[in-house]
There are 2 protein chains.
Amino acid sequence: MTIPRAAKTLRRTRIQEEKEERILEAALDVFSAAGFRGSTIDQIAEAAGMSKPNLLYYFRTKEAIHRALIDRVLFTWLEPLRAFDAEGNPEAEIRSYIRRKLEMARDFPRESRLFANEILQGAPHIEDELKGPLKELVDEKAEVIRAWVRTGKIAKCDPYHLIFSIWATTQHYADFDVQVRAVLGQNHAGEGRFEDAARFLEQLFMNGLRPRQADTAA
Amino acid sequence: MTIPRAAKTLRRTRIQEEKEERILEAALDVFSAAGFRGSTIDQIAEAAGMSKPNLLYYFRTKEAIHRALIDRVLFTWLEPLRAFDAEGNPEAEIRSYIRRKLEMARDFPRESRLFANEILQGAPHIEDELKGPLKELVDEKAEVIRAWVRTGKIAKCDPYHLIFSIWATTQHYADFDVQVRAVLGQNHAGEGRFEDAARFLEQLFMNGLRPRQADTAA
DNA sequence: GTAATGTTTTACCAATCGGTCAAATTATCG
DNA sequence: CGATAATTTGACCGATTGGTAAAACATTAC
């Protein structure tokens with residue numbers, strides 16, 4: 001008598017690990033390109049090179065695949081923000097945060113789109129993660145930035161909106177890639193747009209946040 | 001013998017105008033919240049308060065609804081960029097462009113999400129609009145910005161990435177609204193976040209783009 | 001080897017999808 | 001009014017959806 005679902009077994013077999021890996025990889029492709037509702041189990045199964053019932057042997061529902069994928073990707077995704085260091089030089093920290101986020105937009109666009117799709121459609125599956133871990137992390141880093149403002153190391157500004165603007169500008173190059181390509185046209189076809197973007201954004205934020213007379217006075 | 005489709009009649013009746021209006025309004029609700037593939041005709045029909053066959057009497061396919069909606073919204077959506085004036089004062093023009101875009105994110109979030117969904121998923125229905133009218137408009141305005149840079153009125157920077165960064169930062173407040181709310185939490189619950197964002201972004205871009213010694217020299 | 005367990009496939013299901021059809025109903029016009 | 005055209009409805013269709021059942025097949029442990 002066989003126990004029907006892989007989840008029931010405590011010890012995971014080699015095959016289980018391999019197949020789950022393949023499924024999550026395929027699911028990232030599909031979910032990031034079409035969102036949760038727009039994706040089908042069949043698409044994921046085909047991308048993973050297995051039959052639908054076979055896939056459902058490893059993940060019982062579409063939601064289970066999605067949840068496993070989110071859980072797996074979220075931690076890595078927040079890595080750059082976590083690396084934001086209170087002790088470091090403000091200018092260098094912000095600059096390297098921008099660079100890291102931009103590198104992630106370039107190297108992991110599917111992950112970016114996965115979250116973008118999810119949030120855009122009201123975050124029905126990750127509301128808790130946003131209000132919990134994410135908020136706490138941002139609150140913590142906002143406090144760091146606020147301290148920098150207090151000590152006059154950067155211009156007076158709202159730390160939350162500073163973080164939002166870095167998220168928005170960097171992730172834009174992953175999430176809205178087709179638009180960026182369409183507007184830039186053939187002449188900027190290569191990956192050069194990421195270097196141009198890095199140059200622009202670093203300049204914008206560095207000059208934009210440099211402390212000015214009025215700040216230290218107040 | 002009645003001609004089966006509303007589209008066949010040359011003269012549009014009062015009822016046609018009213019119903020098409022209601023359908024497009026409902027479609028904006030549904031498409032902006034779930035994307036094209038994630039939306040169903042039934043959802044739109046229910047939101048419009050009519051039966052599915054009745055809706056299909058006015059628009060023959062789901063794509064036709066979507067197309068009509070895009071056509072209708074796109075022009076208005078580009079209005080702020082079109083208003084960008086070469087003759088005006090650079091600082092004032094950029095500042096008011098940011099303000100206008102932010103107002104649109106606040107007042108027309110559904111329109112913003114409609115396009116965001118579309119572009120995120122590869123822009124399958126608006127590729128032509130991106131590569132055509134949008135690109136041309138951006139090219140034109142980029143030239144204006146480039147002229148400002150040449151005459152030393154603003155800092156040396158890539159005009160395309162400047163435009164992208166304004167799009168990204170302002171639309172962020174519409175497209176990623178749930179995340180912004182989740183992170184800001186209850187204490188910033190009201191609409192105050194838009195004013196805070198406006199203050200932050202104006203400061204960022206004004207200071208970030210102010211011409212510096214090195215620019216005028218080069 | 002063989003028995004137990006783990007994996008895959010085939011066939012299937014009910015619900016939902018986009019869309020059609022013809023008949024019934026309502027508005028418009030002379 | 002009556003006739004004609006415009007609108008609405010309910011019943012329906014084939015395809016696709018998420019998911020299941022059970023048997024066939026493969027692997028592992030002893």
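Quick note on labels: first sequence line is chain A, next is B, and so on, each numbered from 1.
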**Report entry** Closest non-hydrogen atom pair between Q121(B) and G35(A), with its separation
**Finding:**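 Minimum heavy-atom contact is NE2-N, 4.0 Å.
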How long is the line joining [atom1] of [X] and [atom2] of [N], in whole Å?
{"X": "E20(A)", "N": "dT8(C)", "atom1": "CD", "atom2": "P", "value": "11 Å"}
{"X": "L56(A)", "N": "dT17(D)", "atom1": "CG", "atom2": "P", "value": "13 Å"}
{"X": "R60(A)", "N": "dT20(D)", "atom1": "CZ", "atom2": "C1'", "value": "12 Å"}
{"X": "L55(A)", "N": "dT9(C)", "atom1": "CG", "atom2": "C1'", "value": "14 Å"}
{"X": "I23(A)", "N": "dT7(C)", "atom1": "CD1", "atom2": "C1'", "value": "12 Å"}
{"X": "M50(A)", "N": "dT9(C)", "atom1": "CE", "atom2": "P", "value": "9 Å"}
{"X": "Y57(A)", "N": "dG6(C)", "atom1": "OH", "atom2": "P", "value": "7 Å"}
{"X": "N54(B)", "N": "dG19(C)", "atom1": "CG", "atom2": "P", "value": "16 Å"}

Report task. Taking only the side-chain nitrogens and oxygens of Y58(B), find out if one of them lies under 4.0 Å from OP1 or OP2 of dT8(D). Result ->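 Indeed, a polar side-chain atom of Y58(B) lies that close.
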Query raised in the report: Side-chain N or O of Q16(A) less than 4.0 angstrom from OP1 or OP2 on dT7(C)?
Result: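 It does, given that an N or O in the side chain of Q16(A) lies less than 4.0 Å from OP1 or OP2 of dT7(C).
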Query - Partner set under ring pair (Phe, Tyr, Trp, His ring centres under 6.0 Å) for F200(A), not counting sequence neighbours - result: none
Would you tabulate the side-chain donor-acceptor contacts of residues 103-110 of chain B under 3.5 Å, counting partners in other chains and residues two or more places apart, or write 'none'?
from	atom 1	to	atom 2	distance (Å)
R110(B)	NH1	E25(B)	OE2	2.9
R110(B)	NH1	D29(B)	OD1	2.8
R110(B)	NH2	E25(B)	OE2	3.4

Report task. Quick one: list whatever passes side-chain hydrogen bond (donor to acceptor under 3.5 Å, both in side chains) with R100(A), sequence neighbours left out. Result -> S96(A)
Requested in this report: Under the side-chain hydrogen bond (donor to acceptor under 3.5 Å, both in side chains) rule, collect the residues that match up with K131(B), sequence neighbours excluded.
Outcome: E127(B)
Requested in this report: At under 4.0 Å between heavy atoms, which parts of nucleotides 10-17 of chain C does protein reach? Answer with one letter per nucleotide, 5' to 3': B base, S sugar-phosphate only, - none.
Outcome: BB-----S
I'd like a table of donor-acceptor pairs (distance under 3.5 Å, sequence neighbours excluded) in which one partner is a side-chain atom from residues 68-81 of chain B, with atom names and distances.
from	atom 1	to	atom 2	distance (Å)
R72(B)	NH1	E21(B)	OE1	2.9
R72(B)	NH2	E21(B)	OE2	3.4
E79(B)	OE1	R82(B)	NH1	2.7

